[in-house]
Amino acid sequence: MSWLLPSAIAVPLLAAGLTVLVGRRLAAQRVLAATGVTFTLGAAIALLVQADRGGPVVAQVGGWAAPAGITLVADRFSAIVLTVSAAMLVAVLAYAVGQLGRDALDWWFHAKYLVLTAGVAMSLLTGDLFNLFVGFEMMLIASYVLLTVRTGPSQVRSTVSYVVINLVASALFLVLIAFTYGATGTVNLADLAGRLSEIDPAVSEGLGLLMLVVFGIKAGLFPLFMWLPDSYPTAPAPVTAIFAGLLTKVGVFVIIRTQTLLFPSEGPSTLLLFVAGATMVVGVLGAIAQNDVKRILSFHIISQIGYMIMGLGFLSVAGLTAAILYITHHIVVKTGLFLVGGLVETEQGTGALHRTGGLLHRRPIVAVLFLPLALSLAGIPPFSGFVAKLALVQEGVALGRGVIVAVSLAVGLLTLFSMTKIWSATFWGEPAESAGRAGSGVLAATAVVVATSLAVTVFAQPLIELSARAATELLDPAIYITAVLGGG
Amino acid sequence: MFLVLIIHAALALAVVATRSRLGRSAFALGALGPLSLLVWLTTKSRSIVDGIAHRESIEWVPSLDLVLDLRVDAYALVFLYVIAVAGICIFLYAARYFGSDPKVGTFAGTMVLFGGAMVGLVAADHLLAMFLFWELTTITSYLLIGYSDHQESARSAALHAALVTGGGGLALLAGMVMIGTEAGTFTISEILANPPSQSAAMGVAWALVLIGAVTKSAQFPFHGWLPGAMAAPTPASAYLHSATMVKAGIFLVGRVAPAALVAAAWWQPTVLSIGFVTMVIGGWQALRQNDLKLLLAYGTVSQLGFLFLLVGSGEAKLLYGGLALLVAHALFKATLFMVVGTIDHEAGTRDLRRLSGLRTSLPAVFWVAVVAAASMAAIPLTFGFVAKEAAFDGLVKSGVGLIALASFTSILTVAYTGRFLIGAFGGHHPGHEPATPVGPAPRNSLVWAPVVLAAVAAVIGLVPGLVAPTFDAAVEAASGAAKAGKLVVWPGLVPALGWSMVSLVIGATLVWQNALVQRATDVVGTVSRRLPSADGAFRRGVAGLLSFADRSSGLIQSGSLPRYIAIILLVAVIVPATALFRSGISGGSLPVGGLLEAILGLLIVGAAATLLFTTRRFAAVLLLGGVGYGVAGLFAVFGGPDLSLTQLLVETLVVALFALVLRRMPAVFTPARFERTMRIVVAVAVAGFVFLGGLVAFSARQAAPVSDRYVEMAVPEAQGANVVNVILVDFRGFDTLGEITVLAIATLGVSGLVLPILRTRRDSP
Amino acid sequence: MSLISLAVAAILFGVGTYLILQRALSRIIIGLGLVSHGANLLIVIGGGFGGVPPILSEGVDPATVADPLPQAMVLTAIVITFGVTALLLALALRSYLLTGTDEVEDDPEDRRVAREVHPVVEPDPDEDMHEVVA
Amino acid sequence: MNRRPSPILEHGVVSAAGPMLVFSLYLLAAGHNQPGGGFAGGLVAGVTVVLAWAAGGPDTVRRIVPVRSSVLLGLGLVIATLTGFVSLVAGGAFLESGYLERTLPLIGTVKLVSPLGFDIGVYLVVVGMSLGLVRALGGEPPEEEVGS
């Protein structure tokens, strides 16, 4: 089964190359894109099953044993996140095809989308620090070109900011690689885990903090997030949806991976919990201040990241279980919300709250799609966000971390507040002029995402059991290290 | 029981799905929800009253102790009957109340959903399950209040209710999780059987639970949302905001009081104080209203205060009267809301200053109102009287202070009841038309639905023995005390009767001397308007929150790219530095470097330093190229010919591309505007971090690098002598695969960015 | 590694940072170029003291060769940076052609939010006391 | 920039382009054992393209490399990826290298290594990139219908 690991990355790459070769034959591009992305989803599911039954699946690319070669690893954690991500990539591709049907966004959309898919898969599966850099760059270059295409004068500045900030982050990543290799002589994560414990603990800890910062920029942690809400809202809906759903979560994934594998420690981390709380609060305040659907949702990306870091900050099985469940839930819900935001823009021509209204009466289906996602985001039962938040709150109470629990609940209320702001201004009120009509394709794609989020609710128990097994695995780095260095 | 919940959910879906065909008859279909509940209750109530609680359970997320335990005992039974009976009447009423607005179907479906949530809330024997239904009532209430969504007032009232009760809900959740964690179970009956003992944490937990109950049941200081919720259509006001949802908090405090008393000594005095303040404020405000619906709403606030202290006190004898009064209140208040709705429907207004002569034009409505109002004012031979006597009987036994305060608010109750009746149905108001014109007298459910409710109340008032066993069982189920009180038509000459009669007489006098009362309320009103009101506090709170959000995001989210980068770099430098430099910097043993290195280094630094002051773009590009060539030289010195070659070629291409782009731009840079000091500080910090961090990190190496294996394996295993190239295409070929992908996509991106715009410029010069 | 090269890398970072922290995009790109030169240099320095080129032809003692892995990583990094720089240049060009400047302005929506005022909305006391049940 | 390129310069570049491209192919082929490889080779070809543009503009570029850049990019990507899959299908690991040694008449011993296939993919992408970038950024005057 280990052949699935490189294939999950390389098949979309091959498809990307082929879409470039077939040129302007749109139908062929679509078939290739759908095949590539769906293959990754299938591979992810197979890997998840395999990793859950028999422990981490490892592939040494090129046949060179770690730590010389690049190792790809699918343990439960990476397989879960990859599965959810790939599912969203498939759904959003369907949405994009539906939306861009007549007026193709640009000729190379599918190639870029496939490279984004490959980049996400590589970043999630790789067991190598430098390969992670490459995976990030693939993800980023695809995101740059998806974000910048067809930008007008008003958006060009925000996309420029996005690219520049990410280049600064990439430079910092290179500094991290230089320091890490300089101090340890390896870039293989499993090998690093051992070597970092042998060097001066001060250096090791410093590298851990540098990693937190470097990946924190990608994840949108406080106070490194400001670029995100300025740039995400400018892209077309499917592009923003996939950015919002996946990119920051890849950052969170890498933070959790590196902090648990490379810098294992006992007991809750006050630093992480502080960062978590600050991220939640600042993000939600930003959301409240906004007056545009996509901007509100973008700030909520930040705020929600705080919850995932909160779970990590507990550094316990239950805390990480909650974090993993939260990531799963959030990827789906956030993607869905941005897709609904896209529906609003299609219907009303804008997402600016003072110009929308009455959509509940004109297109009730959009309201029906919005409501469960919005309530889930705010952590209202019985939706998936509630289950994930309950898991966090229970662990916070059990550990006696009252402050972060109180903050997380208060932020939940403010989230509800900003969701009612969207509801009130967009779905209620005097109907705004109709600008268009969302087609059945985009509605169906959105409905699939909503259904997925409801499935997370219904199957919360098996999911939480799976997450708990993944969390246990994360807190025992020896499993990962043995899988990479010992076997394969 | 789950069947009833499923019926509600399915009905809600069915109603919404068929809304365009059903019109307002959607409510008739929706009435099947509470009807199914009533059927269920009638089949089960005998055994439940006998003390055998009905249990059902569905495991949802057992890992989180999230189990949907339902347990219907006699205490819950009382509430369920209210939900069922009031529900059926109100749904049928609503089927004639609304017009042909297409929104009606969605409204009806939401109301059914609410009904189901309410059933679940009362039946839940699990804290988290109860919370689930609790929040569901909040959300459905939000949607129902906002029915007239084209009106800003309705939208903001909906928000007010959602935020206050939603916020209370989250406090409740926190409290519940704390209690559940401490008790080791979330099952309510188990917690009650074995409550956590007193501790600071449990004190906080029970306070949080109390906050939840206080917000939901519109207790002071959170009562402001309830009058606002009158923006909802009258059927919703009658169902949610008088009969059912606002009783949820009371249900909760009554349910948990025995356990709360164990852990929190302050519980009882706090509950009593909150209840009393709410009673007085609500009663007083009711006296000042001109809108009949608002008058009833404030009356509800007042009554809820009374119920809160009776039910939540944890005293069985108070609970007994409280439960009876709760049912009586649901019956008469829902009736009166429907009366107001009918008046509004027929006369086109509910302003009591504009209404007159309805006694003759709507006689049936008038008589229903009289019966219900009598119950509200606790005139003998009504259910209201029977219930209040039971309550007063308990209060008398608890002390003279309590009964005196209760009697005082009873006076207010009588007074606003009078104001309501006279205002709605009274005759000739000086200066007004003698009678308000009304439509043809209604004969449908607009009349008979309230009649049914009023009749139920009247029958109970005359024959309380019909329901007394249920109340006995309910109080015993909730508090463990048997025979804590009694329901009788005539209590005999007991002290409680004396207090009631006195308040009735004084109240009647106030009704008689209406003008005097109005003057008094005007005077006090002008004073009290200056005091902070609950509603005003909420409005200011929301505006303040929005402003705070704007200010704080304005501060953090400055929108300035240089500032963002400065923050990121400073964090990236400072945070790791706290650990990295802890064990000191020792780079003394490191080699300084050779002469060639020094020369190349000087060239590079010189070119870079010149770049700082260059204002011409082309010069800057050439200098950048110079730096690149210098770095290529250093690479060569370090033994990297491939690297050096690649760097030279890439640098050449970069300069060429720069030249291609910059030829279209002005020759000179625009001057920098970002603070110079800040730029210097950040630049020095970054440079210092790189230098010192490099020293520390590079001296930390303990083990041989993995690349030794590459050198070993390159020729024998990978068949290549150029180790760097072997790494690129073989050992780490996967990196290279990713890398060329980046190049390909970047190229496609450049074409997409530049070509269209050049084409447009050519087409339209 | 040597102190001179490390200092050169650090200075490249410093100068690059100084150039990045302003608004002319073309100058930011030059700053980013300097920073990536610095980063590449840093990685090579992290590989140790250098040595003879890692090309194992006859007569080369494997013990004396420079660490090849940092070289390979830097090669990859150089090329990736090149691709991204090209994209950024195109973006600068587009920005210039569309707006007539390559300055990166502040986000207008952020500035608008920072200036916004929220009056306390008082309820209308004379609101019609009637529900429209059309 | 409406300058007429100097015909002499243009001629010089066009005649130099052939040897430079051959040199770039040599770098590609020799890379496994000598300095060079797909990157260096591709970049030399890229510099050739830039020189051609500088000397004669887009037409000259097209004369030297008469292909769409997207074809090179796509082809390079597909070749590199397929090299990875070939070994996977053959039962090895993804991108695992295979070697083939044959003694051919007249030529002698030829050693074929699969990493060379991968390096060809790299080379094609780098050439395609140089071509695409020069065409796009140098696309004024934009008479040509650019393929990428």
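Worth saying up front: this structure is predicted, and the values here are computed from it rather than measured.
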>> For a quick test of reading the model, state the closest non-hydrogen atom pair linking A/Phe179 to B/Val690 and the distance between them.
In response: CZ-O, 3.8 Å
>> I'd like to verify something: which residue of B/Glu135, B/Arg582, B/Gln557 has the highest number of heavy-atom pairs under 4.5 Å with chain A?
In response: B/Gln557
>> As an exercise: rank A/Leu285, A/Ile380, A/Val213, A/Val214 by heavy-atom pairs under 4.5 Å with chain B and give me the winner.
In response: A/Leu285
> What is the distance from atom CG of B/Leu170 to atom CG of A/Leu413, rounded to the nearest 0.5 Å?
Replying inline: 5.5 Å
>> Can you tell me which portion of A/Leu360 sits under 4.5 Å from chain B's heavy atoms? Options are side chain, backbone, both or neither.
In response: neither
>> Checking A/Gln461 against B/Ser63: is there a side-chain donor and acceptor pair closer than 3.5 Å?
In response: yes
> Are a donor atom and an acceptor atom from the side chains of B/Gln702 and A/Asp200 found within less than 3.5 Å of each other?
Replying inline: no
> A/Ala111 and B/Leu748: which non-hydrogen atoms are nearest, and at how many Å?
Replying inline: CB-CD1, 4.4 Å
> Where do A/Val187 and B/Arg732 come nearest, in terms of heavy atoms and distance?
Replying inline: CG2-NH1, 3.7 Å
> Considering only heavy atoms, which portion of B/Phe689 lies under 4.5 Å from any heavy atom of chain A: side chain, backbone, both, or neither?
Replying inline: both
>> Under 4.5 Å from any heavy atom of chain B, what part of A/Leu72 do you find: side chain, backbone, both or neither?
In response: side chain
>> Quick check on the interface: out of B/Ala744, B/Ala174, B/Gly559, B/Pro62, who has the most heavy-atom pairs with chain A under 4.5 Å?
In response: B/Pro62
> Which heavy atom of A/Gly286 sits nearest a heavy atom of B/Ser553, and at what distance?
Replying inline: CA-OG, 3.5 Å
>> Please classify the contact between A/Leu224 and chain B as side chain, backbone, both or neither, with a heavy-atom cut-off of under 4.5 Å.
In response: both
> Checking heavy atoms, do the side chain of A/Val458, its backbone, both or neither come under 4.5 Å from chain B?
Replying inline: backbone
> Is it the backbone or the side chain of A/Leu212 that comes under 4.5 Å from a heavy atom of chain B, or both, or neither?
Replying inline: neither
> Which answer fits A/Val164, side chain, backbone, both or neither, if we ask what part of it has an atom under 4.5 Å from a heavy atom of chain B?
Replying inline: side chain
>> For A/Thr420, which atoms come within 4.5 Å of any heavy atom of chain B: side chain, backbone, both, or neither?
In response: both
>> Is A/Ile464 close to chain B through its backbone or its side chain, or both, or neither, when contacts mean heavy atoms under 4.5 Å?
In response: side chain
> Heavy-atom distance under 4.5 Å to chain A: side chain of B/Glu717, backbone, both or neither?
Replying inline: both
> For A/Pro381, which of B/Phe133, B/Trp134, B/Phe131 qualifies under side-chain contact (heavy atoms from CB on, under 4.5 Å)?
Replying inline: B/Phe131
>> If you count heavy-atom pairs within less than 4.5 Å of chain B, which of A/Glu395, A/Gln394, A/Glu430 leads?
In response: A/Gln394
> Among B/Leu545, B/Leu208, B/Leu737, which residue forms the greatest number of heavy-atom pairs with chain A at distances under 4.5 Å?
Replying inline: B/Leu545
>> As an exercise, state the distance from CZ of A/Phe417 to CG of B/Leu546, rounded to the nearest 0.5 Å.
In response: 4.5 Å
>> For A/Pro223 versus B/Val571, what's the shortest heavy-atom pair and its separation?
In response: CG-CG2, 3.7 Å
> Among B/Val750, B/Asp65, B/Ile727, B/Ile565, who wins on heavy-atom pairs under 4.5 Å with chain A?
Replying inline: B/Ile565
> Quick one: what part of B/Arg155 sits under 4.5 Å from any heavy atom of chain A, side chain, backbone, both or neither?
Replying inline: both
>> Suppose we call two aromatic rings close when their centres sit under 6.0 Å apart. Are B/Tyr142 and A/Trp428 close by that rule?
In response: yes
> Hey, which of B/Asp149, B/Val61, B/Val542, B/Leu136 has the most heavy atom pairs under 4.5 Å with chain A?
Replying inline: B/Asp149
> Taking every heavy-atom pair that is under 4.5 Å apart, which of A/Pro6, A/Ala68, A/Ala391 has the most such pairs with chain B?
Replying inline: A/Ala68
> Quick check: does any side chain N or O of B/Arg701 sit under 3.5 Å from a backbone N or O of A/Tyr181, one acting as donor and the other as acceptor?
Replying inline: yes
> Going from CG on A/Leu409 to CG on B/Leu173, what distance comes out if it is rounded to the nearest 0.5 angstrom?
Replying inline: 5.5 Å
> For A/Ala425, is it the side chain, the backbone, both or neither that has a heavy atom under 4.5 Å from a heavy atom of chain B?
Replying inline: neither
>> Under 4.5 Å from any heavy atom of chain B, what part of A/Val368 do you find: side chain, backbone, both or neither?
In response: neither
>> To check you understand the geometry: which heavy-atom pair defines the closest contact between A/Ile141 and B/Ala746, and what is its length?
In response: CD1-CB, 3.7 Å
> For chain B, which of A/Gly206, A/Ala202, A/Gly62 has the most heavy-atom pairs under 4.5 Å?
Replying inline: A/Ala202
> So what's closer than 4.5 Å to chain B heavy atoms on A/Met122: side chain, backbone, both or neither?
Replying inline: side chain
> For the candidates B/Thr181, B/Leu66, B/Leu132, which exhibits the highest count of non-hydrogen atom pairs separated by less than 4.5 Å from chain A?
Replying inline: B/Leu132
> Highest number of heavy-atom pairs under 4.5 Å with chain B: which of A/Leu390, A/Leu271, A/Val393?
Replying inline: A/Leu390
> Can any side-chain N or O of B/Trp60 pair as donor or acceptor with the backbone N or O of A/Thr457 at less than 3.5 Å?
Replying inline: yes
> Atom CH2 of A/Trp423 and atom CG of B/Leu159: how far apart are they, to the nearest 0.5 Å?
Replying inline: 14.0 Å
> Atom CG of A/Leu375 and atom CD1 of B/Ile139: how far apart are they, to the nearest 0.5 Å?
Replying inline: 5.0 Å
>> Working to the nearest 0.5 angstrom, can you tell me the gap between B/Asp550 CG and A/Gln290 CD?
In response: 8.0 Å
>> Please classify the contact between A/Val168 and chain B as side chain, backbone, both or neither, with a heavy-atom cut-off of under 4.5 Å.
In response: side chain
>> Which one wins on heavy-atom pair count under 4.5 Å against chain B: A/Ala460, A/Gly69, A/Pro67, A/Ala318?
In response: A/Pro67
> Between A/Pro364 and chain B, which part of the residue has a heavy atom less than 4.5 Å away: side chain, backbone, both or neither?
Replying inline: side chain
> So, for A/Trp64 and B/Phe731, is the gap between ring centers shorter than 6.0 Å?
Replying inline: yes
> chain A heavy atoms under 4.5 Å from B/Ala718: which part of the residue, side chain, backbone, both or neither?
Replying inline: both
> Can you tell if the side chain of A/Thr126 reaches within under 4.5 Å of the side chain of B/Phe734, non-hydrogen atoms only?
Replying inline: no
> Side chain, backbone, both or neither: which part of A/Asn188 has an atom under 4.5 Å from a heavy atom of chain B?
Replying inline: neither
> Who pairs with B/Thr578 by side-chain contact (heavy atoms from CB on, under 4.5 Å), at least two apart in sequence or on another chain?
Replying inline: A/Leu209
> Would B/Ile556 and A/Phe225 count as a side chain to side chain contact (heavy atoms under 4.5 Å, CB included) if you check the C-alpha gap in whole Å, the side-chain angles of each, and the deciding distance to 0.1 Å?
Replying inline: CA-CA 10 Å; B/Ile556 297 165; A/Phe225 65 86; 3.8 Å; yes
> So, does A/Glu137 use its side chain to make a donor-acceptor pair with the main chain of B/Val742 at under 3.5 Å?
Replying inline: no
